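Everything below concerns the one structure shown next.
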Amino acid sequence: MLNQNRLRIAMQKSGRLSYDSKKILNSCGIKINLTKNKLIAFAENMPIDVMCVRDDDIPGLVIDGVVDLGIVGENVIKEKLIYDKINYKKNKYKILKKLDFGICRLSIAIPVNNTYNGLLSLNNMRIATSYPNLLKKYLDSKKISFKSFVLTGSVEVAPKAGLADSICDLVSTGATLEANGLKEVKIIYKFKACLISNNKIDYVKQNVVDKLLTRIQGVIKARESKYIMLHVPKNKLEQVVLLLKGAEKPTVLKLVGDNTKVAMHMVSRENLFWETMEKLKLLGASSILVLPIEKMME
Ligand code: ATP
Ligand code: ZN
């Protein structure tokens with residue numbers, strides 16, 4: 001049963017954002033049991049309900065207040081923002097936080113055998129896209145005239161089917177473009193998944209939102225950080241610190257039975273690549289350990 005006092009969050013039911021959305025909520029300590037055909041799941045340990053829907057429905061659900069928060073691609077939000085502006089609709093939601101998944105770009109792609117000499121090559125083209133407003137915003141700003149052909153899916157087959165000269169679509173690896181005989185010629189926007197919220201959230205729910213946001217920030221920080229431990233020759237400490245640029249204030253500890261080396265522990269905002277580990281080794285460092293961090297609160 002739906003309870004008005006519980007915070008409601010919408011996420012994608014099945015698609016590119018589903019796994020990571022569920023994972024970030026789980027990492028925030030929300031215990032939800034999402035099974036395949038369930039539309040809604042009630043957290044056991046927090047006043048939170050999670051609704052699983054199509055990603056395109058998420059902004060509308062947030063605007064109408066059916067849910068309080070939503071996890072959706074910035075691409076969906078930004079396209080809708082322009083549409084709403086054109087149609088004089090008021091914004092009834094805000095972006096609370098950019099997340100660290102769902103990374104993609106909106107790009108223009110043309111058939112591999114066609115030549116591309118900059119944006120002017122696109123003049124008067126018919127471009128197939130699911131993002132007509134973002135495409136228009138970009139090409140208008142560059143003074144390129146074009147015709148858009150709106151397709152909600154399978155945009156990449158439009159040139160082959162003779163429906164368009166080129167496409168403007170979301171890309172992550174580029175494999176879909178390649179499989180359809182297309183080449184990416186211009187990235188027009190870059191996107192991530194984000195957490196959006198309805199403008200009106202009562203103070204009881206706001207407390208839960210604040211707690212959730214702090215935890216999300218902690219999860220993201222922990223995911224982009226590493227805990228590094230190593231043994232370092234005492235006379236090489238400064239050089240080692242210079243190599244570990246993303247590291248914050250290292251702790252230095254004595255080693256029992258070895259006066260020439262000390263143990264260094266630190267949190268680093270950057271991953272430690274094999275190349276850096278090899279350089280550390282050349283400086284005489286040993287026992288180099290890089291560990292993932294599960295949770296972080298500053
Ligand atoms: P739904 O059935 O929920 O409507 P969909 O087919 O519209 O799903 P997906 O393809 O699952 O949506 O993509 C969801 C979101 O994932 C996109 O809106 C975008 O933010 C992000 N994304 C990341 N990489 C890609 C990519 N290569 N292609 C499309 N979307 C991507
Ligand atoms: Zn969709």
Side-chain angles (χ1 to χ4, degrees), residues 7-32 34 40-41 43 45-63 66-82 91-107 130-131 134 169-173 187-199 201 205-226 246 267-271 292-298:
L7 187 78
R8 241 175 275 161
I9 309 175
M11 59 166 257
Q12 193 185 21
K13 184 174 169 57
S14 130
R16 289 184 158 98
L17 301 180
S18 310
Y19 175 81
D20 289 314
S21 304
K22 184 169 178 261
K23 195 169 147 201
I24 202 162
L25 295 177
N26 278 333
S27 304
C28 288
I30 306 170
K31 284 194 185 148
I32 34 169
L34 282 175
I40 192 153
N45 58 336
M46 286 176 85
I48 292 178
D49 298 336
V50 177
M51 243 178 136
C52 297
V53 293
R54 285 199 62 187
D55 69 342
D56 316 74
D57 294 336
I58 294 175
L61 289 168
V62 172
I63 290 166
V66 178
V67 297
D68 306 292
L69 306 182
I71 299 175
V72 66
E74 269 179 300
N75 45 301
V76 175
I77 293 298
K78 298 233 159 114
E79 178 71 16
K80 186 158 171 48
L81 276 175
I82 306 175
N91 254 332
K92 288 189 183 155
Y93 56 100
K94 53 187 175 220
I95 297 183
L96 284 188
K97 173 100 190 124
K98 283 194 186 185
L99 304 171
D100 61 349
F101 57 88
I103 294 167
C104 58
R105 50 195 192 267
L106 186 64
S107 289
S130 308
Y131 296 89
L134 282 165
D169 202 9
L170 294 176
V171 183
S172 46
T173 60
I187 297 174
I188 66 170
Y189 294 106
K190 289 184 178 172
F191 302 119
K192 288 176 174 180
C194 59
L195 180 72
I196 58 167
S197 139
N198 181 285
N199 273 350
I201 292 195
K205 284 183 179 178
Q206 191 58 49
N207 281 334
V208 187
V209 174
D210 293 344
K211 192 176 231 178
L212 185 65
L213 256 184
T214 311
R215 291 190 185 184
I216 287 180
Q217 267 149 8
V219 170
I220 293 177
K221 268 204 181 132
R223 288 206 285 228
E224 59 193 24
S225 304
K226 295 278 177 271
V267 172
S268 174
R269 288 266 180 258
E270 285 167 28
N271 202 350
I293 297 173
E294 198 185 274
K295 292 189 182 69
M296 215 164 151
M297 203 181 262
E298 286 172 336

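Quantities reported herein were computed from a predicted structural model and do not represent experimental measurements. FYI, side chains are in, hydrogens and waters are out, and symmetry mates aren't considered; it's all heavy atoms of this structure.
Of the possible donor and acceptor atoms, one in the side chain of Arg8 sits under 3.5 Å from a partner among the backbone N and O of Val66. A donor-acceptor pair under 3.5 Å links the side-chain atoms of Asn45 to the main chain of Lys31, judged by distance alone. Ser18 places a side-chain N or O within 3.5 Å of a backbone atom of Gln12 that can act as its donor or acceptor partner. Side chain of Glu74 to backbone of Lys192: a donor-acceptor contact under 3.5 angstrom is found.
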Given the rule in the side-chain contact (heavy atoms from CB on, under 4.5 Å) test, do Ile30 and Leu212 qualify, once you have shown the distances and angles that lead to the verdict? CA-CA 9 Å; Ile30 306 170; Leu212 185 65; 3.5 Å; yes
CA sep, side-chain torsions, deciding dist, call: Arg269, Lys226, side-chain contact (heavy atoms from CB on, under 4.5 Å): CA-CA 7 Å; Arg269 288 266 180 258; Lys226 295 278 177 271; over 6 Å; no
Does the side-chain contact (heavy atoms from CB on, under 4.5 Å) test come out yes or no for Ile32 and Asn26, once each step is laid out? CA-CA 7 Å; Ile32 34 169; Asn26 278 333; 3.9 Å; yes
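More than 12 heavy-atom neighbours from other residues, nucleotides or ligands sit within 6.0 angstrom of NZ on Lys97. The number of heavy atoms from other shown groups lying within 6.0 Å of CD (Gln206) is above 12.
Lys98 is not listed as a side-chain neighbour of Phe191, based on a closest heavy-atom distance of 4.5 Å or more. Ile40 is not listed as a side-chain neighbour of Cys52, based on a closest heavy-atom distance of 4.5 Å or more. The closest side-chain heavy-atom distance from Val209 to Leu96 is below 4.5 Å. Contact check for Ile48 versus Val208: side-chain heavy atoms found under the 4.5 Å cut-off. Residues Leu7 and Asp49 are not in side-chain contact: their nearest non-hydrogen atoms beyond the backbone lie 4.5 Å or more apart. Within the 4.5 Å cutoff, the side chain of Asn198 has no heavy atoms near those of the Tyr93 side chain. Within the 4.5 Å cutoff, the side chain of Met11 has heavy atoms near those of the Val50 side chain. Using a 4.5 Å heavy-atom threshold, the side chains of Ile82 and Leu134 count as touching.
Contact check on Asp100 versus Arg223 returns a salt bridge, with a Lys/Arg side-chain nitrogen under 4.0 Å from an Asp/Glu carboxylate oxygen.
Distance CG/Asp56 to OG/Ser130: 9.0 Å, rounded to 0.5 Å. We find the CE-SG distance between Met46 and Cys28 to be 8.0 Å, quoted to the nearest 0.5 Å. Considering NZ of Lys221 and CE of Met296, their distance stands at 6.5 Å, rounded to 0.5 Å. Distance check, rounded to the nearest 0.5 Å: CZ of Arg16 to CG of Leu170 gives 8.0 Å. Distance check, rounded to the nearest 0.5 Å: CG of Leu106 to CG of Asp169 gives 7.5 Å. For the atom pair CG (Asn199) and CD1 (Ile63), the distance works out to 9.5 Å, reported to the nearest 0.5 Å.
Remark: the Asn75 side chain and the Tyr189 side chain contain no N/O donor-acceptor pair separated by less than 3.5 Å.
In this structure Ile95 satisfies the side chain to side chain contact (heavy atoms under 4.5 Å, CB included) test together with Ile77, Cys194, Ile196, sequence neighbours excluded.
When all heavy atoms are compared, the tightest approach of Ile103 to Ser172 is O-CB, 3.9 Å. Across all their heavy atoms, Gly102 and Leu17 have their closest contact at CA-CD2, 3.6 Å. Among all heavy-atom pairs drawn from Leu69 and Ser197, the shortest one is CD2-CB, 3.4 Å.
Here the rule is side chain to side chain contact (heavy atoms under 4.5 Å, CB included) with Val72, and of Val62, Leu195, Leu99, Ile58 only Ile58 fits it.
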